[in-house]
Amino acid sequence: MAETIPPQPSTPAGSVPAAGFGPWQRFARRHLHDYNAAATRRWLAVVGCGALAGAAALAWLAADALRDPLALAAALVFIAVLAAFPVHIPRTKYFYPAADIFVFAVLAWLGPAAAVLAAGLEGAVAAGRQSRRLTSWLSTPAAAMAGMALAAATFEGLNRGLAATPIGAPAAMLAALAAAALPYFAATTLPLIAIVAAKGGQRVSLGDWLRNYGWLAAVFLVSASVAAVLALNVRAGGVTMFITAGVLALVVLALVNVSLSHQEREHEVQAARVRDAEAEAAANQRRFEAAFADAAIGMAIVRADGRVQQVNAALLALLGHKGGALVGQAFERLLHPADRGAFVAHAASAGHEPVELRCRHADGGECWVSLHRGRFEDAGSGTPGDAVGLIYQLHDVSARRRAEAQLQHIAYHDGLTDLANRHRFVERLQALVSASLTDGRPLFGVLFLVLERTEVVKDSLGHEAGDLLLREVACRLRNSVRPDDLVARLDGEEFAVLLHSLNDVEHGHRLALRLREEVARPLAIKGSELHPSASIGLTLSDLGYRSAEELLRDARLARHEAKAQNRGVALFDGSMLERVAEKLALESDLRQAIASCQLTLHYQPIYALQPHRLSGFEALVRWTHPQRGPVSPAKMAALAEESDLIHALTRWVVTEAVRQVAEWSRTLPGAQALTINVNASARDLGTEELPAVVATALAQHGLDPRRLTVEVTETALMTQLQTHLQPSMRTLHALRESGVRIGIDDFGAGQTALAHLSTLPFDTLKIDRAFVTDMHQASAFAVLRSVVMLGQALERKVVAEGIETPAQLQALAALGVSHGQGYLMSRPLPADQVPALLARAAAMATADAAV
Ligand code: C2E
Ligand code: MG
Ligand code: MG
């Protein structure tokens with residue numbers, strides 16, 4: 001019988017432990033503890049039927065039917081051995097019950113009673129091998145015996161009936177035995193299944209029965225058929241035939257068993273390998289899933305069609321999404337539209353280098369990622385030709401990008417105004433110049449703008465106010481140009497504007513005027529209303545420039561011209577460059593001249609008018625250029641002022657004049673009380689150098705400070721006081737405190753407020769030569785007279801210069817001017833002519849005294 005009945009569950013539903021202490025109760029408690037009432041009833045029915053069948057078979061055999069005890073014994077031995085070692089059907093849980101062949105053979109050959117015993121033996125051996133429970137040991141052989149009794153009845157009836165037909169006895173036996181296999185199959189399987197079903201509280205399903213055990217019916221049919229053939233042969237060949245067949249069957253089954261076991265082992269080894277490989281693959285899959293899910297960087301698996309198949313939590317967080325929001329989307333759509341081209345190019349490249357791109361964030365912003373692409377064979381894609389998957393790793397580099405952008409911004413922008421700085425301006429301008437050289441771009445221009453008088457704001461309101469002013473101007477400039485134009489702060493108060501796409505010169509000029517107006521709008525800082533002003537130089541790209549620096553240079557020159565000519569805005573032209581080149585050459589020569597003492601001083605006598613006597617000299621610088629000849633002192637002084645040479649020039653003049661007068665005082669009679677006037681630039685007042693230079697010269701040559709007057713022209717002084725009030729006042733006071741006199745030169749030409757004048761530390765007012773020259777005119781005379789009265793009112797000395805006629809001298813003396821100088825008395829003299837002058841003056845004084 002096949003081992004087919006499922007193992008009985010150990011805790012059946014609704015099990016009822018038997019009550020009482022009788023033998024049955026003890027048996028039930030011990031062996032049927034997991035059987036419920038229905039299962040117990042079915043079990044008892046099976047065992048009872050089996051017992052009845054077995055008892056009847058034994059009684060039958062005992063009565064007379066044991067025709068061939070040797071044959072029966074041999075059959076039982078074969079059956080026991082074959083039942084103990086059934087053939088396992090490879091790769092199933094089933095065993096082929098070869099013993100059944102002999103059970104059916106016994107039925108056909110030795111009769112029903114022997115067959116019932118043979119079936120019981122086979123069932124007992126199978127149950128002993130298969131189960132450890134007494135209930136199975138009893139029920140399985142019982143079912144087999146009862147089943148065989150039923151099969152035997154079927155066989156006997158059919159065999160007898162068919163044998164009478166023309167098919168003949170052998171065929172009748174074959175058919176009857178085959179037919180008997182079916183009730184045997186039903187009786188040996190159904191009752192046992194019914195017990196198991198009852199234990200589980202389930203109904204017996206005939207469908208399940210046939211599905212699960214139908215194959216066994218086929219096996220029994222085959223066994224019965226083979227048994228019929230065997231029985232026919234045994235009838236002919238006797239017991240030896242039976243024994244031979246039995247031995248042969250044992251050998252065959254042993255060989256089959258060996259072969260199948262070998263195959264089974266091979267199969268198991270193979271299956272173990274497959275299991276290991278599957279386990280390894282599953283572990284790999286788990287490892288990958290863990291690495292993917294928990295990765296700190298964003299990851300996406302993308303199908304070959306470019307659609308997202310899976311994303312990890314880090315990527316969702318990076319892009320600000322939740323759940324499966326990104327799955328199914330085209331991966332490209334996660335990227336910033338502007339970077340999709342770069343992505344496509346990267347995707348087409350064979351390299352493994354990462355590429356940096358922007359991704360779209362769910363909040364509408366963007367984030368920078370370093371994107372790395374990997375490919376893998378995607379056998380699970382299911383689509384032919386679609387077997388390549390992509391895995392993208394997205395590393396968030398936004399913070400680094402931001403830092404870089406900030407550094408870049410700092411490198412290219414002015415910290416105070418956030419405008420472009422010189423570096424950026426020059427770079428953009430150079431790119432434009434280079435491009436214009438090759439493709440003749442539209443006209444563009446560079447505007448150089450200097451904000452005036454910021455020093456005044458800084459001095460009066462502080463540096464913070466100066467910074468606010470610069471910021472406001474920067475803002476106005478930025479808001480007044482077109483988006484393409486570039487505004488930069490080059491340095492201090494210097495700004496530059498790159499004007500793109502100008503129509504013509506007029507267009508550029510109009511823009512420059514508009515910017516100047518914009519800058520000039522009044523503004524309030526720290527409670528003070530300021531009126532900023534700017535001078536602007538402009539140059540255009542159609543002058544064949546080759547470098548940005550050339551454009552900037554010329555715009556700066558034009559601005560210089562605008563400032564010098566008080567025009568506000570000036571357009572560059574070639575002549576400016578020539579003038580500047582000449583100026584620069586002259587400047588260089590002057591530097592050389594100062595350093596190598598090529599300069600000389602001429603001395604113009606200054607006279608007291610009433611009584612008329614020589615009171616001192618004004619030192620006037622002279623420079624004879626080796627090629628150009630004599631250079632006007634006024635021009636030289638202006639040049640020196642522009643180039644910072646002025647301080648060296650003043651230093652030399654002061655030192656030389658003091659030395660000379662001190663020398664005359666020592667060497668010439670009548671020179672001991674002579675005074676000396678030197679001209680200083682208003683810019684000398686802006687530094688602390690002048691008082692030190694003066695003090696050193698006086699100390700070095702032992703000259704009384706009161707004999708030295710430092711002259712500064714009125715116009716320059718007022719401008720200087722406007723822009724550098726405090727340092728200039730400090731210098732004036734320092735000079736005065738040391739005993740040196742201060743003179744205001746060319747007075748009357750400027751527009752000094754009288755209130756201002758009264759607060760200034762000065763000793764002398766020197767009337768501008770123009771008023772003396774024009775004193776015959778009423779207006780000039782009026783001014784002249786006012787200046788004299790002003791001087792008297794302020795108790796300052798009033799000096800007239802440029803006296804050329806005796807009439808002028810007389811009139812000035814009459815007005816009360818105390819001192820005068822001019823060609824009438826003497827032109828400025830070289831130092832070597834002064835002794836003669838002094839001698840003449842001494843002689844005249846002696847003559848006067850004699851008169
Ligand atoms: P300033 O200081 O007003 O000098 C007087 C100028 O008038 C001198 O011209 C002098 O030669 C001229 N002058 C004197 N009397 C007469 C006259 O009767 N008629 C006419 N037409 N001119 C007369 P100079 O020497 O050419 O100097 C011109 C200006 O150059 C000076 O004006 C002064 O502002 C400046 N300068 C001269 N030397 C120096 C110097 O050493 N340092 C500085 N910073 N400036 C100087
Ligand atoms: Mg002077
Ligand atoms: Mg003068």
Side-chain angles (χ1 to χ4, degrees), residues 590 593-594 597-607 616-624 629-661 675-687 689-690 693-694 697 708-717 719-720 741-750 762-775 784 787 797-809 812 817 819-831:
L590 177 59
I594 297 170
C597 296
Q598 289 173 22
L599 305 180
T600 55
L601 286 179
H602 282 195
Y603 298 89
Q604 185 173 33
I606 299 174
Y607 292 88
F617 295 93
E618 176 175 5
L620 295 160
V621 73
R622 295 291 179 263
W623 177 33
T624 306
V631 180
S632 140
K635 185 176 174 182
M636 188 178 24
L639 190 67
E641 276 188 10
E642 281 173 27
S643 59
D644 270 356
L645 280 172
I646 191 67
H647 305 302
L649 177 66
T650 304
R651 200 162 45 238
W652 182 82
V653 169
V654 169
T655 310
E656 175 57 17
V658 168
R659 185 200 66 75
Q660 184 63 76
V661 173
T675 59
I676 180 76
N677 287 21
V678 292
N679 294 285
S681 157
R683 284 191 56 197
D684 289 319
L685 302 179
T687 72
E689 194 188 334
L690 186 60
V693 167
V694 168
L708 175 67
T709 298
V710 175
E711 292 183 14
V712 184
T713 63
E714 182 199 7
T715 317
L717 178 63
T719 310
Q720 174 72 10
R741 313 289 187 204
I742 307 290
I744 301 181
D745 202 354
D746 301 342
F747 189 78
F762 73 98
D763 303 87
T764 308
L765 279 182
K766 192 185 266 189
I767 304 165
D768 193 79
R769 195 174 72 220
F771 299 110
V772 176
T773 308
D774 299 337
M775 66 186 291
L784 220 158
V787 173
K797 195 162 97 180
V798 177
V799 184
E801 64 179 346
I803 305 169
E804 292 183 349
T805 65
Q808 289 168 345
L809 180 62
L812 288 165
V817 173
H819 291 76
Q821 64 188 96
Y823 293 171
L824 176 66
M825 286 82 94
S826 170
R827 286 182 175 262
L829 303 171

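Read the numbers this way: they start at 1 and go in the same order the structure lists the ligands and their atoms.
Here Val653 has side-chain heavy atoms under 4.0 Å from ligand 1, and that is the only part of it that gets that close. Counting heavy atoms under 4.0 Å from ligand 1, residue Glu656 does not touch it at all. Residue-level proximity to ligand 1 for Leu649 is absent, since no heavy atom of it falls below 4.0 angstrom. Contacts between Pro828 and ligand 1 below 4.0 angstrom, taking non-hydrogen atoms only, involve the side chain exclusively. If you look at His602 next to ligand 1, there are no close heavy atoms at all, none under 4.0 Å. Contacts with ligand 1 closer than 4.0 Å are made by no heavy atom of Lys766, backbone or side chain.
Contact check for Asn679 versus Val621: no side-chain heavy atoms found under the 4.5 Å cut-off. Between Gln660 and Phe617, the closest side-chain pair of non-hydrogen atoms is not below 4.5 Å. Between Gln720 and Val712, the closest side-chain pair of non-hydrogen atoms is not below 4.5 Å. When side chains are defined from C-beta on, Val799 does not count as touching Glu618, because their heavy atoms never get closer than 4.5 Å. The closest side-chain heavy-atom distance from Arg683 to Thr650 is not below 4.5 Å. Side-chain contact between Val710 and Val654 is absent, with no heavy-atom pair separated by less than 4.5 Å.
Residue contact check: Asp746 has heavy atoms under 4.0 Å from atoms 3 (O) of ligand 1. Here is the list of ligand 1 atoms found below 4.0 Å of a heavy atom in Glu801: 3 (O), 5 (C). Ligand 1 places these atoms under 4.0 Å from at least one heavy atom of Ile803: 18 (O). The contact set between ligand 1 and Pro633, taken as ligand atoms under 4.0 Å from a residue heavy atom, comprises 24 (P), 25 (O), 26 (O), 27 (O), 30 (O), 37 (C).
For atom 8 (C) of ligand 1, the nearest protein heavy atom (residue, atom name, distance) is Leu620 CD1, 3.8 Å. Given atom 12 (C) of ligand 1, the protein heavy atom at minimum distance is Arg769 NH1, 3.5 Å. Nearest non-hydrogen protein atom to atom 15 (N) of ligand 1 is Gln604 NE2, 2.9 Å. When hydrogens are left out, the protein atom nearest atom 45 (N) of ligand 1 is Asn679 CB, 3.6 Å; that is the closest non-hydrogen contact. At the shortest separation from atom 39 (C) of ligand 1 among protein heavy atoms lies Val621 CG1, 3.7 Å. If you check which protein heavy atom lies closest to atom 16 (C) of ligand 1, you get Tyr823 CE2, 3.2 Å. Ranking the protein heavy atoms by distance from atom 19 (N) of ligand 1 puts Glu804 OE2, 2.4 Å first. The protein atom (non-hydrogen) at minimum distance from atom 30 (O) of ligand 1 is Ala634 N, 3.4 Å.
With rounding to the nearest 0.5 Å, the separation of CZ in Arg827 from NE2 in His602 is 12.0 Å. Between atom OH of residue Tyr607 and atom CD of residue Gln821 there is a gap of 11.0 Å, rounded to the nearest 0.5 Å. Expressed to the nearest 0.5 Å, how far CG of Leu717 lies from CG of Asp746 amounts to 11.5 Å. If you take CZ on Arg622 and OG1 on Thr600, they are separated by 7.5 Å, rounding to the nearest 0.5 Å. Taking CG from Asp768 and CD from Glu714, the interatomic distance works out to 8.5 Å, rounded to the nearest 0.5 Å. One finds the CD1 atom of Ile767 at 9.0 Å from the CD atom of Glu801 (value rounded to the nearest 0.5 Å).
A pairwise comparison of heavy atoms in Tyr603 and Ala657 identifies OH-CA, 4.0 Å as the closest pair. Shortest non-hydrogen contact noted between Ile646 and Ala637 is CD1-O, 4.0 Å. Residues Gly743 and Thr709 approach most closely at N-CG2, 3.7 Å, considering heavy atoms.
A distance-only check finds a donor-acceptor pair linking the side chain of Thr719 to the backbone of Thr715 [under 3.5 Å]. A donor-acceptor pair under 3.5 Å links the side-chain atoms of Gln808 to the main chain of Glu804, judged by distance alone. Between the Asp763 side chain and the Ile742 main chain, a donor and an acceptor come within less than 3.5 Å of each other. Judged by distance alone, the side chain of Gln598 and the main-chain N or O of Trp623 form no donor-acceptor pair under 3.5 Å.
When only interatomic distances are considered, the shortest N/O to N/O separation between Ala637 and ligand 1 does not fall below 3.5 Å. The shortest N or O to N or O distance between Asp745 and ligand 1 is under 3.5 Å.
Under the 4.0 angstrom criterion, atom 32 (O) of ligand 1 counts as lacking any protein heavy-atom contact. For atom 4 (O) of ligand 1, a protein heavy-atom neighbour is found at a distance under 4.0 Å.
Taking 4.0 Å as the cut-off, Gln821 does not count as a neighbour of ligand 1 on heavy-atom distance. Within the 4.0 Å heavy-atom shell around ligand 1 one finds Gly802. Using 4.0 Å as the threshold, Arg827 has no heavy atom nearer than that to any atom of ligand 1. The closest approach between any non-hydrogen atom of Met636 and ligand 1 is not below 4.0 Å.
Between Gln604 and Asn677, the side chains place no donor N or O within less than 3.5 Å of an acceptor N or O (distance only, hydrogens not considered).
If you look at the Mg ion (ligand 2), the protein N, O or S atoms less than 2.8 Å from it are Glu618 OE2, Asn679 OD1, Glu711 OE1, Asp745 OD2.
Taking only non-hydrogen atoms, the option from Arg683, Glu618, Arg622 nearest to atom 25 (O) of ligand 1 is Arg622. Of the listed options Thr713, Thr773, Asn677, Thr713 places a heavy atom closest to atom 34 (O) of ligand 1.
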